[in-house]
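Atom set for the values below is all heavy atoms of this structure, side chains included, hydrogens, waters and symmetry mates excluded.
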Amino acid sequence: MTSLDFSGREQLYYQLYDRLFQKIINGTYTIGECIPSESELMKTYQVSRATARRSMEMLANDGFVKKQRGLGTVVISTHPKHSPQRVAKYSRRKRFEDVITNKKVINLSVMKASEEIYEALNLKVDTEIICLNRVRYGDKKPYYLEINYFEKAYVPEMLNRNFSEESLRVFLDKTYNIQWSYASQKIYSIIAAGTIADLLKVEEGTPLLHIKRISYDVMDNPREYVDSYYLADEYHLEIELTI
């Protein structure tokens, strides 16, 4: 999709930023490869030079790209520098660049959460929680399920967005200026059952990696709780230790 929404509901530079961001994280533009120039973006998306330039500056500020003399603007990372830094990496046995990837929102709603989530987010029981449930696909095959929980009063605009197409992390950064500091994780080995098995299209009893993560902002407030379920035969865990 190359067309932008010119209705004025959302800034063009942000829309263009998100188009480029999506192409970086899905492997359309790989590390070391140049993204289109300002002139090319102007022609493709029918935007002004100022809009194209601001979008590219945002990508650079977030650590995705860097200008290199004689080459252009080169991709240097597929992760925003504001994201929580993970010691553990979940690596596919087959590189995502080799497949066509996409994500699908299964559910985005307001709910009452479990006591575990309220405690993790340091919230009173019965506080309204936004729940975002998404599946990541590669060549139409489910690879992992991710469920994000936030206090509704903290990020209410989430309910008006389409996170099948938009990056959640970039949305939080650009809309609410959330600056992440660190995250804590617990990793479990489980077997698929019920709804989780159905969403991942596997038989009940299939082994999964279950990761519970709490993400903290720079004020040391827990702002996000995440449940992720990875297919154990598609991912392995890499842990880097300082010794």
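Distance CD/Gln185 to NZ/Lys212: 12.5 Å, rounded to 0.5 Å. In this structure, OH in Tyr144 is found 14.5 Å from CG in Leu208, a value given to the nearest 0.5 Å. Here the straight-line distance linking atom CD1 of Ile187 with atom CD1 of Ile211 works out to 6.0 Å at 0.5 Å rounding.
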Please evaluate residues Glu146 and Lys103 with respect to the criterion salt bridge (Lys or Arg N to Asp or Glu O under 4.0 Å), reporting the C-alpha separation (whole Å), side-chain torsions for both, the decisive distance (0.1 Å), and the verdict. CA-CA 10 Å; Glu146 183 173 273; Lys103 55 192 173 186; over 6 Å; no
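The 12-atom threshold is exceeded at CD of Glu33, counting heavy atoms of other residues, nucleotides or ligands nearer than 6.0 Å.
Residues passing the salt bridge (Lys or Arg N to Asp or Glu O under 4.0 Å) test with Glu166 are Arg161, sequence neighbours excluded. Partners of Lys141 according to the salt bridge (Lys or Arg N to Asp or Glu O under 4.0 Å) rule, which considers only residues two or more places apart in sequence or in another chain, are Glu234. Take Thr127 and apply the side-chain contact (heavy atoms from CB on, under 4.5 Å) test, not counting sequence neighbours, and it matches Tyr118, Leu123, Lys124, Glu151.
Residues Trp180 and Leu172 are in side-chain contact: their nearest non-hydrogen atoms beyond the backbone lie under 4.5 Å apart. Leu200 places a side-chain heavy atom less than 4.5 Å from the side chain of Leu231. Between Ile24 and Val65, the closest side-chain pair of non-hydrogen atoms falls below 4.5 Å. When side chains are defined from C-beta on, Leu20 counts as touching Leu41, because their heavy atoms get closer than 4.5 Å. Considering only heavy atoms from C-beta on, Ser114 stays 4.5 Å or farther from Glu119 through its side chain. Lys152 is listed as a side-chain neighbour of Ile130, based on a closest heavy-atom distance under 4.5 Å. Side-chain contact between Leu121 and Phe150: absent, with no pair of heavy atoms (C-beta onward) separated by less than 4.5 Å. For the pair Met158 and Thr175, the minimum side-chain heavy-atom distance is 4.5 Å or more.
Put simply, the residue from Leu108, Ile147, Val105 that forms a side-chain contact (heavy atoms from CB on, under 4.5 Å) with Asn133 is Ile147.
Checking Glu224 against Asn148 by side-chain atom types alone, a donor-acceptor pair falls below 3.5 Å. Looking only at atom types and distance, the side chain of Tyr13 has no donor-acceptor partner in the side chain of Glu57 under 3.5 Å away. Side-chain polar atoms of Gln15 and Asp18 form no donor-acceptor pair below 3.5 angstrom.
Thr30 places no side-chain N or O within donor-acceptor distance of the main-chain N or O of Gly27, the cut-off being under 3.5 Å. Without hydrogens or angle criteria, Asn221 side chain to Asp217 main chain gives no donor-acceptor distance under 3.5 Å.
Between Phe171 and Tyr176, the angle of the ring planes goes over 60°, which puts this pair in the perpendicular group of the 30/60° scheme. Ring geometry, Phe64 versus Phe21: the interplanar angle exceeds 60°, so the pair is classed perpendicular (tilted spans 30 to 60°).
Linking ILVMFWY side-chain heavy atoms closer than 4.5 Å, directly or via other members, places Leu199 and Met111 in a single hydrophobic cluster.
When every heavy atom of Pro222 is checked against every heavy atom of Ala120, the shortest pair comes out as CB-O, 3.3 Å.
Taking the ring centre of Tyr17 as origin, the terminal cationic atom of Lys174 falls inside the region bounded by 6.0 Å and 45° from the ring axis. Cation-pi geometry between Arg223 and Tyr154 is met: under 6.0 angstrom from the ring centre, within 45 degrees of the axis.
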